[in-house]
**Student:** 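Have a look at the structure that comes next, please.
Numbered from 1 within each chain, the chains take letters A, B, ... in sequence-line order.
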There are 2 protein chains.
Amino acid sequence: MSTAQGARARARTEVAAAIKDEARRQLAAEGAAKLSLRAVARELGMVSSALYRYFPSRDELLTALIIDAYDSLGEAAEAAYAKVSGESPARQWVAVCEAVREWALARPHEYALIYGSPVPGYTAPSTTVPAAARVGLLLIGIVRDAYRDKGVAQWKLPAELQPEARRMAEDLAPDLPPEVVVVLIGAWAQLFGLVNFEVFGQFNRVVEDRGTFFRHAAGQLAHHVGLVYPQSGAKER
Amino acid sequence: MSTAQGARARARTEVAAAIKDEARRQLAAEGAAKLSLRAVARELGMVSSALYRYFPSRDELLTALIIDAYDSLGEAAEAAYAKVSGESPARQWVAVCEAVREWALARPHEYALIYGSPVPGYTAPSTTVPAAARVGLLLIGIVRDAYRDKGVAQWKLPAELQPEARRMAEDLAPDLPPEVVVVLIGAWAQLFGLVNFEVFGQFNRVVEDRGTFFRHAAGQLAHHVGLVYPQSGAKER
DNA sequence: GCACAATCAAGAGCACTGCTCTTGCTTTGG
DNA sequence: CCAAAGCAAGAGCAGTGCTCTTGATTGTGC
């Protein structure tokens with residue numbers, strides 16, 4: 001049968017998917033630290049040693065979950081972008097930021113897996129790099145379109161930063177001026193600073209209406225990278 | 001003897017300190033996840049059960065380390081502030097930011113303990129709150145002084161954010177205008193976004209000269225909260 | 001000064017973890 | 001059709017957090 005081997009392979013990927021699903025369930029329920037291979041196997045009605053045929057170690061399972069999480073976040077961000085692709089760049093930017101925030105708030109433990117502190121002992125394998133870049137590339141794309149369209153506001157860079165800025169621009173977006181790329185990378189990191197503080201509870205007893213606060217902060221970031229933000233307003237005094 | 005009970009108490013705090021020191025050593029070496037009570041006890045030449053007389057659980061030990069880490073970071077930030085207290089507010093701001101960054105880079109695992117994802121299963125006990133606030137209060141103080149001195153630039157707030165802004169200002173800094181407090185809190189979170197990305201490796205293969213990049217980004221944050229940053233330059237185009 | 005009470009270290013033990021190795025059974029491909 | 005590969009299961013090892021019990025040491029009120 002031509003499906004013979006296919007059946008094996010299919011069964012294999014199905015079991016692997018079931019393992020990941022159950023692991024994700026436990027991750028959402030108890031956090032990465034309490035994710036137990038034995039508990040996953042138990043819940044799936046198999047013995048723990050059988051599970052090692054699908055994932056060679058606990059860390060490899062976690063790595064698979066990390067990649068999936070990056071992809072899921074990337075998809076959420078891209079879906080949000082698709083919905084507002086006709087609007088102004090600043091609105092696109094804010095929409096993507098809000099999508100990241102909402103994704104993170106809905107799955108704090110999965111978010112912690114990718115943007116919290118790196119888990120157990122491991123160092124992120126290079127497999128995760130492409131998936132991890134998706135949100136960043138999306139933000140770059142928004143600014144690139146705006147820049148191609150009618151340009152963006154730019155900051156002057158101090159001389160000491162210019163070589164590094166040129167390096168970054170060459171690697172990430174050769175069609176954008178270094179001045180823009182620098183603030184873009186900064187805004188990228190700062191966006192996740194905002195999300196981190198909210199997800200990890202640092203805003204408890206500090207910010208109450210976190211939704212509008214975040215929308216405003218994301219708008220400020222858009223303005224900072226040079227996108228014209230409606231009602232952002234100039235500084236006074 | 002008057003030192004009799006004192007001797008007991010002193011011995012107790014000494015042993016507790018030794019436990020924390022050894023735990024910190026293992027934390028720095030292997031990370032929070034691999035910190036083991038038994039290994040700490042082993043290294044200290046005692047049996048694991050004896051350790052439970054000093055810390056009722058592993059999580060309590062970690063909590064103690066968290067508080068110490070917050071305090072250590074707070075001290076580092078305040079020391080950096082003290083060294084530049086005569087200079088401009090923007091320079092003070094940047095100095096404190098850089099102190100935070102350097103502290104974090106020197107002790108990534110301790111940093112992860114407080115600003116990474118919350119560890120194992122716990123929720124941060126309220127004991128940590130005062131220690132956690134030190135860096136934030138320091139930053140607020142810098143802006144407050146600048147404001148009292150000659151005022152700071154302010155953003156206009158959208159109407160929807162104004163109630164929340166007033167709330168935050170009332171709680172955190174009644175003597176500052178809500179417009180300033182809002183951007184201040186945002187900048188606070190964004191600062192740790194920058195540090196997080198660097199410490200946790202998100203800048204690998206993206207930013208090379210991270211020191212000057214960070215200094216510039218911190219300067220931009222200072223400018224954003226309204227402090228006049230030397231050579232920050234206005235936007236073009 | 002002494003007995004009582006509190007404090008402490010130590011050991012044994014429980015339930016759990018990640019992981020390995022060996023034993024058999026089923027499926028697959030030549 | 002038969003050897004080879006894939007797979008589940010079980011036993012077992014070393015390690016973990018934590019509890020309970022047993023003795024010894026220490027500090028304090030009578």
**Student:** According to side-chain hydrogen bond (donor to acceptor under 3.5 Å, both in side chains), who are the partners of Ser72(A), at least two apart in sequence or on a separate chain?
**Tutor:**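 For Ser72(A), the residues satisfying side-chain hydrogen bond (donor to acceptor under 3.5 Å, both in side chains) (neighbours in sequence not counted) are Trp103(A).
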**Student:** Can you check the Met46(B) CE to dC8(C) P distance for me, whole Å?
**Tutor:**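 Spelled out: CE on Met46(B) to P on dC8(C) is 11 Å.
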**Student:** What one-letter contact string describes nucleotides 14-23 of chain D from 5' to 3', where B marks a base within less than 4.0 Å of any protein heavy atom, S marks contact via sugar-phosphate atoms alone, and - marks no contact?
**Tutor:** --BBBBB---
**Student:** CG of Leu51(A) versus P of dG18(C): gap in Å, rounded?
**Tutor:** 10 Å
**Student:** Whole-Å distance between dC19(C) C1' and Glu60(A) CD?
**Tutor:**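 Whole-Å distance recorded here is 14 Å.
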**Student:** Any salt bridge between Arg25(B) and Glu22(B), counting N to O under 4.0 Å?
**Tutor:** yes
**Student:** For a quick check of understanding: with a heavy-atom distance under 4.0 Å over all strands, which category does Tyr54(A) fall into, base, sugar-phosphate or nothing?
**Tutor:** sugar-phosphate
**Student:** Kindly write out the residues that satisfy side-chain hydrogen bond (donor to acceptor under 3.5 Å, both in side chains) with Thr212(A), not counting sequence neighbours, or none if the list is empty.
**Tutor:** Asp209(A)
**Student:** For the pair Arg167(B) and Glu164(B), evaluate salt bridge (charged side-chain N to carboxylate O under 4.0 Å, His left out) and give the outcome as yes or no after the intermediate values.
**Tutor:** CA-CA 5 Å; Arg167(B) 240 214 66 260; Glu164(B) 173 67 11; 3.0 Å; yes
**Student:** Could you check whether the rings of Trp188(A) and Phe203(B) sit parallel, tilted or perpendicular, using 30° and 60° as the cut-offs?
**Tutor:** tilted
**Student:** Mind calculating the distance between CG (Leu61(A)) and C1' (dT17(C)) to the nearest angstrom?
**Tutor:**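 For the pair Leu61(A) CG and dT17(C) C1', the rounded distance is 15 Å.
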**Student:** Under 4.0 Å between a Lys/Arg side-chain N and an Asp/Glu carboxylate O for Arg24(A) and Asp68(A)?
**Tutor:**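 Asp68(A) and Arg24(A): salt-bridged.
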**Student:** Write down the distance between CZ (Arg12(B)) and P (dA6(C)), rounded to a whole number of angstrom.
**Tutor:** 15 Å
**Student:** From CD1 of Ile19(B) over to P of dC8(C), roughly how many Å is that when rounded to an integer?
**Tutor:** 11 Å
